[in-house]
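First the proteins, then the strands, lettered A, B, ... as listed; each starts at 1. Quick caveat, the model's predicted, so the values are computed rather than measured.
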Amino acid sequence: MADLLPPLMAAQVDAKTKVDEKVDYSNLPSPVPYEELHREAFMSLKADNFEGLRFDFTKALNQKFSLSHSVMMGPTEVPSQSAETIKIPTAHYEFGANYFEPKLMLIGRVMTDGRLNARLKADLTDKLIVKANAQITNEPHLSHAMFNFDYMGSDYRAQLQLGNSALIGATYIQSVTNRLSLGGEVFWAGVPRKSGIGYAARYESDKMVATAQVASTGAVVMNYVQKISEKVSLATDFMFNYFSRDVTASVGYDYILRQARVRGKIDSNGVASALLEERLSMGLNFLLSAELDHKKKDYKFGFGLTVG
Amino acid sequence: MAAKGPLKLKFKGKTTKGSKGGSTSTSSSSSSSVSSKFEVIKDWTNWSLKKAKVATHYGLIPLIIIIGMNSDPKPHLFQLISPF
């Protein structure tokens, strides 16, 4: 019996380098949460480009509690009927308080116009996590809230979502082998009465991640990320909707350098964008963002500073 | 009653306009007590969710600050206000 254990342990340690490793099906790793399925691809391809000035100051009062002050000035888009985008310059200040503890995380942000954005994450037991996310405004009927209950099993995760205006969803993801995980989701929305079902698959190794997701709303998303080295990774993505026949393909990169991080992408809709985050000194980060939409002739540039 | 705007509340499976119309139209003597109890429960949940929304809107940030100021090491009140 003791002779059997060392070869299996050695096989698991070298699992990623050997070609034919032994898979221990009773001891698979926990899969990524369903909503983070496309996490690596979206880090390069969906970086948060912004327009205007952004200044964030985070002040830590102690290890668990911090306050944040954020100023944003710039044009914001207003939805309009005509084909041109209408931008109105706005400025706002947002005050936030964060409390982080291993078992409880509370984040609240309030803006000058009275909008509150709140997030809560609490570990009820070591397998059950409850998360809540709410946006409350002074205007009636525009607030919404979402509660998620996550259960983490040994090699699967299940989640139940409840939202206001009668939104119920459930997702489940299971590790099938060391590298492959498969999952599915179901949702039912009360106000526009519709329900949907979707499936997802994720295959990862230590050099690449490939995911695919199909939903009954007609959306198909497939992406592939290759980690070329510690500093460079490239990603590509293909989204299409088989009801509305919209197709988008994009290619992006993510360079993590010692003092800076550059992420950029180019799209089949004629959008090229990039985001630079540079660490000027300890705790001081400088951000530059650019997004050029050649099809709609909309060019956005932003710069910002993050302290703390 | 229909313009009460129940859209933003969680338990809307029970309180959409269709079910309200349905419960008042089937008013026989035996089911009227059940439907009125139902109405009372719906009104109570509407009222409590409205109050919870107002309480969260005004009270969440003060709550986080109170929890944070009582965590250890206890920060000083001056640190809350000053920019250093």
So with a 6.0 Å cut-off around [atom1] of [X], is the heavy-atom count from everything else above 12?
X: E278(A); atom1: CD; answer: yes
X: Y58(B); atom1: OH; answer: no
X: Y199(A); atom1: OH; answer: no
X: F243(A); atom1: CZ; answer: yes
X: H76(B); atom1: NE2; answer: no

Contacting region of T137(A) [heavy-atom separation from chain B under 4.5 Å]: backbone

Name the region of L67(A), side chain, backbone, both or neither, that has any atom closer than 4.5 Å to a heavy atom of chain B. side chain

Highest number of heavy-atom pairs under 4.5 Å with chain B: which of S66(A), A97(A), G96(A)?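 Option with the greatest count: A97(A).
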
Can you tell which of I107(A), N138(A), V110(A), L116(A) has the highest number of heavy-atom pairs within less than 4.5 Å of chain B? L116(A)

Keeping K59(A) on the side-chain end and S82(B) on the backbone end, is there a donor-acceptor pair under 3.5 Å?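 The answer is yes, because a donor-acceptor pair under 3.5 Å joins these two groups.
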
Polar side-chain atom of N62(A) near backbone of P75(B) as donor-acceptor pair, under 3.5 Å: no

In Å and rounded to the nearest 0.5 Å, what is the CG to CD1 distance from L106(A) to I67(B)?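 If I round to the nearest 0.5 Å, the distance is 5.5 Å.
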
To the nearest 0.5 Å, what is the distance between OH (Y99(A)) and CG (N70(B))?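 The OH atom of Y99(A) sits 9.0 Å away from the CG atom of N70(B).
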
Counting only non-hydrogen atoms closer than 4.5 Å, does I64(B) touch chain A with its backbone (N, CA, C, O), its side chain (CB onward), both, or neither?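 Looking at I64(B), backbone and side chain both touch chain A.
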
Which atoms of L63(B) are under 4.5 Å from chain A, going by heavy atoms: the side chain, the backbone, both sets, or neither?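 Neither part.
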
At their closest point, which heavy atom of L80(B) faces which heavy atom of F65(A), and how far apart are they? CD1-CE2, 4.4 Å

Taking every non-hydrogen atom, the tightest pair across G108(A) and L60(B):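 Nearest heavy atoms, G108(A) then L60(B): CA-CD2, 4.3 Å.
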
Can you confirm whether L61(A) sits close enough to M69(B) that some side-chain heavy atom of one is under 4.5 Å from a side-chain heavy atom of the other?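 Side chain of L61(A) against side chain of M69(B), heavy atoms only: contact under 4.5 Å found.
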
Does any part of the side chain of K64(A), heavy atoms only, come nearer than 4.5 Å to the side chain of D72(B), both counted from C-beta? yes

Using a cut-off of under 4.5 Å on heavy-atom pairs, state which of Q79(B), K74(B), H57(B) scores highest against chain A.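 Option with the greatest count: H57(B).
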
